[in-house]
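Worth knowing before you read on, the calculation uses all heavy atoms, side chains too, and leaves out hydrogens, waters and symmetry mates. Bear in mind that the values here come from a model prediction, so they are computed numbers and not experimental data.
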Amino acid sequence: MTWKAEIDPGRCMASGMCAGIAPDLFALDEEHARPRHEEVPEEERVLDAADSCPALAITIRDGTTTVGPRP
């Protein structure tokens with residue numbers, strides 16, 4: 001199963017936290033982070049990456065349900 005990862009470029013401050021936690025799933029470009037693929041595996045580290053984003057720029061969805069970041 002997979003989730004969908006989205007990063008809001010208007011909120012992303014390129015801290016690199018997501019790429020540090022899951023470098024195979026998130027990349028840091030010059031100005032913003034981005035998911036390497038639109039779909040990501042349903043793994044705890046994906047949620048950890050979303051939770052660790054200081055700007056809360058990462059959203060993880062399971063269909064229409066938002067699963068990350070966690071409250």
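- Ala33 and Cys12 make their closest contact through N-SG, 3.2 Å (heavy atoms, listed as atom of the first residue, atom of the second, distance).
- Side-chain atoms of Pro9 and His32, non-hydrogen and from C-beta on, do get closer than 4.5 Å to each other.
- Counting all heavy atoms, side chain and backbone alike, Gly68 lies closest to Ala50 at C-CB, 4.3 Å.
- Within the 3.5 Å criterion, the main-chain N or O of Glu31 finds no donor-acceptor partner in the side chain of Asp29.
- For residues 13-25, every residue pair satisfying the salt bridge (Lys or Arg N to Asp or Glu O under 4.0 Å) rule, not counting sequence neighbours, is listed here: Asp24-Arg45.
- The CG atom of Asp48 sits 12.5 Å away from atom SG of Cys18, with the distance rounded to the nearest 0.5 Å.
- With Glu6 as the partner, the side chain to side chain contact (heavy atoms under 4.5 Å, CB included) test is satisfied by one option alone out of Arg34, Arg61, Glu38: Arg61.
- Under the 4.5 Å side-chain criterion, counting only non-hydrogen atoms from C-beta, Arg36 is not in contact with Leu25.
- Listed here is the closest heavy atom pair of Gly10 and Asp8: N-OD1, 2.8 Å.
- Counting heavy atoms from C-beta on, the side chains of Leu47 and Val67 come closer than 4.5 Å.
- Nearest heavy atom pair, residue Cys53 against residue Ile58, reads CB-CD1, 4.1 Å.
- Between Ile60 atom CD1 and Thr66 atom OG1 the span is 9.5 Å, to the nearest 0.5 Å.
- One distance of note links OG1 of Thr64 with NZ of Lys4; it measures 11.5 Å at 0.5 Å rounding.
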Could you go step by step and tell me if Thr2 and Val40 meet the side-chain contact (heavy atoms from CB on, under 4.5 Å) rule? CA-CA 5 Å; Thr2 60; Val40 293; over 6 Å; no

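- In this structure, CE in Met13 is found 10.5 Å from CG in Leu56, a value given to the nearest 0.5 Å.
- Of the inter-residue distances, the one linking Glu39 atom CD with Trp3 atom CH2 reads 13.0 Å to the nearest 0.5 angstrom.
- You'll find the side chain of Ile7 reaches within 4.5 Å of the side chain of Pro35, heavy atoms only.
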